[in-house]
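Report on the structure given below.
Note on naming: letters A, B, ... go to the chains in the order of the sequence lines (proteins, then strands), and numbering restarts at 1 for each one. Here the structure is a predicted model, which is why all the values come from computation and not from measurement.
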2 protein chains.
Amino acid sequence: MARDIQERIKRLIIDGRLASGAPLPTEPELMELLGVSRNSVREALKALQAMGIVEIRHGFGTYVGPMSVAPMIEGLTFRTVAGHYRGEDSLLQLLELREAVETGLIARLVGRVPDTDLAELDALVQKMEREAAAGAVAADTDRTFHATLYRGLRNPLLGEVLEAFWDAFHRVRTGLVDVPPDPRVTLRQHREILDAVRSGDAIGAERAVREHFGNIRARLGSTVAVSEVEHGGQ
Amino acid sequence: MARDIQERIKRLIIDGRLASGAPLPTEPELMELLGVSRNSVREALKALQAMGIVEIRHGFGTYVGPMSVAPMIEGLTFRTVAGHYRGEDSLLQLLELREAVETGLIARLVGRVPDTDLAELDALVQKMEREAAAGAVAADTDRTFHATLYRGLRNPLLGEVLEAFWDAFHRVRTGLVDVPPDPRVTLRQHREILDAVRSGDAIGAERAVREHFGNIRARLGSTVAVSEVEHGGQ
DNA sequence: AAGAGTCAGCTGCTCTAACCAACTGAGCTA
DNA sequence: TAGCTCAGTTGGTTAGAGCAGCTGACTCTT
């Protein structure tokens, strides 16, 4: 029955052609509309909120959610953290997921990145340069580089999904096994990727991306081994 | 504060190194353990259930969830359906997401699919043959083909994600704009993909996958146009 | 008249208490 | 021994009350 309430609220959104941010009925209104108690309404809303379908603002109202893939990040992160603590190589699997997808996509990107994006990527590499000189490349710079790069694929959904993978990986890595990579290596590899994409070298671009991930994986390998010993198998 | 309760329940799972299926405290126990009312406990559990982190069985108990990417399907599906009804090309975007990822991955697959999987794929194509002769290829056969194919990448997480994309696309397509593709074309294209993968022809495999998606996209294009008129933009 | 402060009213949030419904497993019956 | 029944445990739902955050209109001051 709780399932049914969720479906009916979903129908409200779909049948009403409501866009993100549109206001939904208040809790008392939903009670009467659906003929259920307040608790049931709230539990359904909580579940929908967890899926990013609705957004609840205390003292203000309930609204149609952003419909982003953000909830996916939450789920992936938890799954990976839980697996890690149980001695599984879940973080490595997540990294390999990113590697498989990004290396597969990079070839499609060659020659399709607009000049404005290339200019932005140049600026980001320069920013990395400054940060590397200062000690470490900021996470956000790396994130923005990847996001800007794959923007060239002209599929916002794909961009969101890749960002979600990046976020989940980054959150688990910094939270559990923080061994920041050598900033100079990071800088060089990003520059290589950008150069290959710009010059239309599909093979080179793919190799550069693979090397980039290979670097991260190598760093991860030693750390995971350590943390496995720490936490013990079982 | 509700957020806090969720986090504390997550910690129970992580700190306890609990595997999928492990029992969680009952609602009254959680009340006392967390020092909150039953309502709050239940709302937190509902949210965690929506994320696939816990599994609730009426009259039995609460357990650690399967930690699959299943919730992602739910979210993606709703997002796509809602967008579609609002006149967006969300279904096309979802298809393009699959196309981009699968065409990117197919080259990595060439020569890496074990013989046992190739045999299974052969059997699936034969099954498709029989189904095509009878009128239409069963959805499940198509799904299993893709799942078995990408199993060769040896990354269960990646397999799950691809299956999630497939499910979401299929659910929206059959639910909204069901125009089944020509079964003979579907059959031929799957056979081409399998042949190319088996013979180590990376270029050919990629082209075959791209053609496969091109076929689906063409079918979709006409239908989406129709349904846009039906529902009217805005 | 213009601005800032206040408060009434909505909103969602939490709690208590009671009863309903589903499932399990021990005990009873045949 | 095999099957059934029922009591106990668990989650599901309802009801009513009060708490907490936000908004917007009203009022008081300048």
Side-chain angles (χ1 to χ4, degrees), chain A residues 1-13 16 18-68 70-71 74-75 78, chain B residues 1-13 16 18-68 70-71 74-75 78:
Chain A
M1 176 175 181
R3 195 76 185 170
D4 183 55
I5 299 176
Q6 290 182 36
E7 291 305 321
R8 288 208 274 166
I9 296 178
K10 282 187 188 177
R11 290 228 67 83
L12 281 183
I13 298 175
L18 302 182
S20 294
L24 259 49
T26 65
E27 290 182 358
E29 284 170 343
L30 283 174
M31 281 175 63
E32 192 171 359
L33 192 63
L34 304 176
V36 296
S37 78
R38 184 125 183 241
N39 267 337
S40 301
V41 168
R42 286 185 51 75
E43 286 181 10
L45 287 177
K46 278 285 177 188
L48 292 176
Q49 183 187 36
M51 292 188 267
I53 290 176
V54 307
E55 192 180 342
I56 303 175
R57 277 185 267 175
H58 187 177
F60 194 31
T62 309
Y63 300 82
V64 177
M67 312 250 191
S68 73
E74 197 78 19
F78 183 80
Chain B
M1 307 314 163
R3 194 75 184 172
D4 184 54
I5 299 176
Q6 289 182 36
E7 290 305 322
R8 288 208 273 165
I9 296 178
K10 282 188 187 176
R11 289 228 68 84
L12 281 183
I13 298 175
L18 302 182
S20 295
L24 259 48
T26 67
E27 291 182 357
E29 284 170 342
L30 283 174
M31 281 175 62
E32 193 171 0
L33 193 60
L34 306 176
V36 295
S37 77
R38 184 149 173 233
N39 269 338
S40 301
V41 167
R42 286 183 52 77
E43 286 182 10
L45 287 177
K46 278 285 176 185
L48 293 176
Q49 183 188 37
M51 292 189 269
I53 291 176
V54 307
E55 192 180 343
I56 304 175
R57 276 185 269 175
H58 187 176
F60 195 33
T62 307
Y63 299 82
V64 177
M67 310 247 192
S68 74
E74 197 78 18
F78 183 80

Worksheet, complete the sentence: Heavy-atom nearest nucleotide on DNA chain D taken for A:Gly59 and for B:Pro25; more 5' hit belongs to B:Pro25
Worksheet item: Nearest-Å distance, CZ (A:Arg3) to C1' (D:dG12)?
Response: 16 Å
Fill in: Student check: side-chain heavy atoms of B:Ile5 and B:Leu30 closer than 4.5 Å
no
Practice prompt. Using only side-chain N and O atoms of B:Thr62, determine if any of them is under 4.0 Å from OP1 or OP2 of D:dT10.
Written response: no
Worksheet item: Quick one: CD1 on B:Ile53 to CD on A:Glu74, what's the gap to the nearest 0.5 Å?
Response: 7.0 Å
Practice prompt. Using a cut-off of strictly less than 4.0 Å, decide whether A:Ser40 has a side-chain nitrogen or oxygen near OP1 or OP2 of D:dT14.
Written response: yes
Discussion item. Using a 3.5 Å distance criterion without hydrogens, assess whether the side chain of A:Ser20 forms a donor-acceptor pair with backbone atoms of A:Val64.
Written reply: no
Item to complete: To the nearest Å, give me how far apart CD1 (A:Ile56) and C1' (D:dC22) are.
Response: 16 Å
Fill in: Where chain A begins and ends its contact with DNA chain C, read 5' to 3' at 4.0 Å from heavy atoms
C:dT11 to C:dT14
Worksheet entry | Euclidean distance, atom CZ of residue B:Arg42 to atom C1' of D:dT10 [Å, nearest integer] | 11 Å
Worksheet item: Within this structure, what is the CD-to-P distance between A:Glu32 and D:dT14, rounded to whole angstrom?
Response: 14 Å
Worksheet entry | Spacing of A:Ser37 atom OG and A:Arg42 atom CZ [to the nearest 0.5 Å] | 11.0 Å
Discussion item. Can you measure A:Arg38 atom CZ to D:dC19 atom C1' for me and round it to whole angstrom units?
Written reply: 11 Å
Item to complete: Take atom CD of B:Glu43 and atom C1' of D:dG11, then tell me their distance rounded to the nearest Å.
Response: 15 Å
Response to the item:
Nearest heavy-atom approach of A:Leu12 to A:Pro25 is CD1-CG, 4.3 Å
Discussion item. By the 4.0 Å heavy-atom rule, please label B:Arg57 as base, sugar-phosphate, or nothing.
Written reply: sugar-phosphate
Worksheet, complete the sentence: note: A:Glu27, atom CD; D:dA15, atom P; distance rounded to Å ~ 15 Å
Worksheet entry | Residue mapping more 5' on DNA chain D - nearest nucleotide basis, A:Gly35 or B:His58 | B:His58
Worksheet item: Salt-bridged, B:Glu7 to B:Lys10, with N to O below 4.0 Å?
Response: yes
Discussion item. Distance check needed: D:dA17 C1' versus A:Asn39 CG, whole Å only.
Written reply: 13 Å
Practice prompt. Mind checking the CD1-NZ spacing from A:Ile56 to A:Lys46? Nearest 0.5 Å is all I need.
Written response: 5.5 Å
